[in-house]
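Read the numbers this way: they start at 1 and go in the same order the structure lists the ligands and their atoms.
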Amino acid sequence: MWKAFKLMKEGGQKSSNVLKKWLRSSRFWLLITPFLLFLLLDVAIPFKVSPRYSTLIAASDGTILHAFLNDDDKWRLYTELEEITPVLRQTILQKEDRYFYYHPGFNPVALGRAFLKNTATGRRSSGASTITMQVVRLLEPRQRTYLSKTIELFRAVQLELHYSKDEILQLYLNLIPYGGNIEGMKSASLLYFGKLPQLLSLAEITTLTIIPNRPSSLRLGQKNAFIVQERNKWLRRFEKAALFDKQVIDDAINEPLTAYRREAPKLAPHLAFRLKKEHKNTPIIRTTILPTRQALVEQMTQNYVNRLQSMDIHNAAVIVVNNETMRVEAYVGSADFNNPYDGGQVDGIRAVRSPGSTLKPLLYAIAFDKGMITPKSAINDVPTNFGGFEPENFDRRFNGKVTIEFALANSLNIPAVKVLKELTPSVLIGYLKKADFQTVKKQSKDLGLSMILGGCGVTLEELTRLFTSFANEGKIHGLNYSTDAKKSKGEVLVSPESAYLINGILTQITRPDLPNNFDNTYHLPRIAWKTGTSYGKKDAWSIGYNRRYTVGVWVGNFSGVGVPELNGANIATPLLFDVFNAIDYNSPTGWFKPTTDITRRKVCAESGDLPAEFCTHQVLDYAIMGISPTRKCQHSKWVLTDKNAEISYCTQCLPDSGYVRKLYPNMAPELIAYNELNHIPFQRIPPHNPKCTRVFEVGAPVITSPNDGSEYFLENQELQLACQASNDVREVYWYINDKLIQKANPQAALFVKPPVGKVKISCSDDKGRNVDVFIKVLSR
Ligand SMILES: [Zn+2]
Ligand SMILES: [Zn+2]
């Protein structure tokens with residue numbers, strides 16, 4: 001053991017002696033010095049290789065949607081390694097640098113030969129240039145002197161040290177000049193042949209390999225005949241070198257040259273500009289856009305808007321999303337990007353606009369999930385004052401009692417505001433935040449009930465994404481613009497059951513937001529859709545979906561000018577239908593199926609609630625198990641009257657002479673007022689026994705004017721007093737500051753001149769139920 005250690009030590013000493021000897025030898029230093037010097041210089045003056053490339057926007061199939069000049073106004077498109085085909089590689093190496101894969105950046109044999117030739121003739125030629133050295137010159141152009149030649153040699157070796165052969169060849173192909181501002185094989189391929197380098201024929205490749213040496217005398221598109229001669233010379237040389245079969249060469253020689261200078265592709269300009277900005281210094285941005293679909297939808301949008309010009313409607317935007325992948329397949333930001341008069345460069349998909357009624361489906365979906373309503377729940381579409389906010393319907397008419405599904409399909413405003421009031425705007429805002437509505441996030445503190453009628457800011461992108469959640473069982477996912485991105489896991493926005501109910505309601509075609517003149521000649525796609533029109537008729541929306549696609553359409557003017565004819569049904573929906581028929585005509589994918597927690601149940605047709613004994617008219621409704629309301633219907637109530645139904649009684653004033661039990665409609669005061677006003681007959685409850693002394697507590701009148709807590713400037717005008725009262729009320733009594741002013745019919749509107757200052761206004765009905773409001777009257 002000890003011996004072995006000693007031996008090892010001696011051996012170590014022996015080898016260190018050899019090393020010392022070596023270090024002292026001049027031969028060693030002769031060899032190592034240039035190497036060390038090179039490493040030192042490599043660190044001291046590193047070679048920065050960062051050519052500025054053009055930005056290229058690729059479609060989902062790899063074709064080019066859009067190409068941009070680089071920062072130096074050059075077309076220098078980035079060729080990827082896999083785009084260099086074997087034929088291209090063989091051709092270029094055969095012509096430029098046959099020993100490329102074997103030399104260290106320079107070719108010593110060729111260099112020596114050139115040196116001898118130059119000293120003999122006194123001229124300088126660059127015949128000995130390798131591809132590596134050409135790359136050096138393209139990256140750092142220099143005067144042709146012996147000094148620069150030396151620097152180039154150094155640079156070439158540097159390049160070889162830091163990059164693979166393939167990467168150097170790639171750099172070469174990306175930088176070779178083609179005359180004018182066109183650089184690189186890919187730019188030339190695209191701008192002269194209209195295709196990607198992989199698709200070039202041998203004849204085309206050969207053409208492109210001979211241009212860079214003489215870009216001005218071999219101008220493509222101008223000197224094609226001459227170029228063909230030169231091309232064929234090289235093809236014959238390739239034949240001699242047995243690079244390709246004779247037949248292949250002959251075919252290439254016979255191929256006509258059709259090259260001409262083309263325009264760079266300019267599809268999907270809005271998306272292209274957007275992604276270029278979002279992905280700085282990325283030479284190739286791969287999008288999810290389907291090029292043929294994009295071209296089609298762009299054309300349809302432009303043609304459609306051309307037909308609207310006479311109405312003074314100048315723009316539209318369309319986005320097509322695949323619900324299964326969440327990929328955006330078409331993105332049309334405006335009718336014509338190149339129209340500066342109508343703001344063609346504005347991206348209508350990201351412009352913040354008023355949503356009109358398009359948020360209503362989300363509102364009802366939330367209300368279904370909160371157990372507030374079902375599709376057949378009744379709601380009163382009657383004039384209502386929400387603390388000073390008195391919405392009207394789009395057609396300025398009211399419908400009385402309607403179902404929720406009718407209210408949504410017909411986009412009624414009062415029911416939506418009522419549901420939002422019960423839900424509260426902050427809950428809806430919470431959902432919109434979850435769905436990433438950026439402007440709503442910023443506005444959230446200032447938003448009120450009017451937001452459901454369009455009183456907030458949204459983009460077409462946000463709205464369309466929201467609607468994909470109805471097609472995706474209530475889950476909201478991010479939109480994908482990049483082929484690298486996978487469909488996100490998604491977040492539950494509403495339940496699958498609620499989404500199913502919304503899908504059903506938005507599919508009904510018996511609705512007024514079908515376009516006018518919509519007849520059988522027009523093919524109606526099977527889709528669910530919702531329209532919207534903003535206040536002032538500035539924006540027309542129509543967002544539709546089936547299982548496969550969601551399409552968002554906006555039509556309007558970027559200038560914000562409103563147009564009387566502009567509305568979602570007539571102006572935006574036809575384009576939505578056109579797009580759907582073009583992309584998914586006769587969709588093979590079936591319709592949405594009910595989920596497990598959806599049940600069907602019989603409800604009272606009058607109220608949508610579970611039938612009571614008196615509910616004879618029953619209909620089928622959907623319900624969400626364990627969620628939907630289980631209220632018993634109260635659409636009628638039993639009233640005790642005399643035999644002739646002239647007087648009604650309560651349990652305290654029942655006469656000894658006898659009474660009968662009769663069913664009467666149990667109507668909300670607002671509906672009674674509405675029916676009265678519109679002369680709609682209804683069965684009245686007879687007036688209450690005048691001899692009754694009981695004080696009733698519930699069912700007091702509701703003062704609809706003036707508004708409680710409001711301030712009123714009254715100069716010569718009078719103040720309107722109005723109320724709504726229960727079915728059995730015949731008379732109400734109005735008081736100002738506890739002084740009786742007038743006895744009146746509950747439906748009558750009175751006009752009074754209240755005193756200045758704080759004023760108490762009271763209304764009592766004939767059963768002694770009273771309500772007070774307080775206002776402040778101001779006068780100048
Ligand atoms: Zn009922
Ligand atoms: Zn009574």
| remark: With rounding to 10 degrees, C604 SG, the Zn ion (ligand 1) and H635 ND1 define an angle of 110°

| When you measure from the centre of the six-membered ring of Y622, is the NZ or CZ of R601 under 6.0 Å away and within 45° of the axis? | no

| query | Looking only at atom types and distance, does a side-chain atom of T533 sit under 3.5 Å from a main-chain N or O of G568, one as donor and one as acceptor? | reply | yes

| field | H617 N/O/S atom closer than 2.8 Å to the Zn ion (ligand 1) | value | no

| message | Looking only at the aromatic ring of each residue, does the gap between the centers of F614 and H635 stay below 6.0 angstrom? | response | yes

| Once rounded to 10°, what is the value of the angle centred on the Zn ion (ligand 2) between C653 SG and C650 SG? | 100°

| Of all N, O or S atoms in H688, which has the smallest distance to the Zn ion (ligand 2)? | NE2

| task | Please state whether the rings of F467 and F470 are parallel, tilted or perpendicular, taking 30° and 60° as the class boundaries. | result | perpendicular

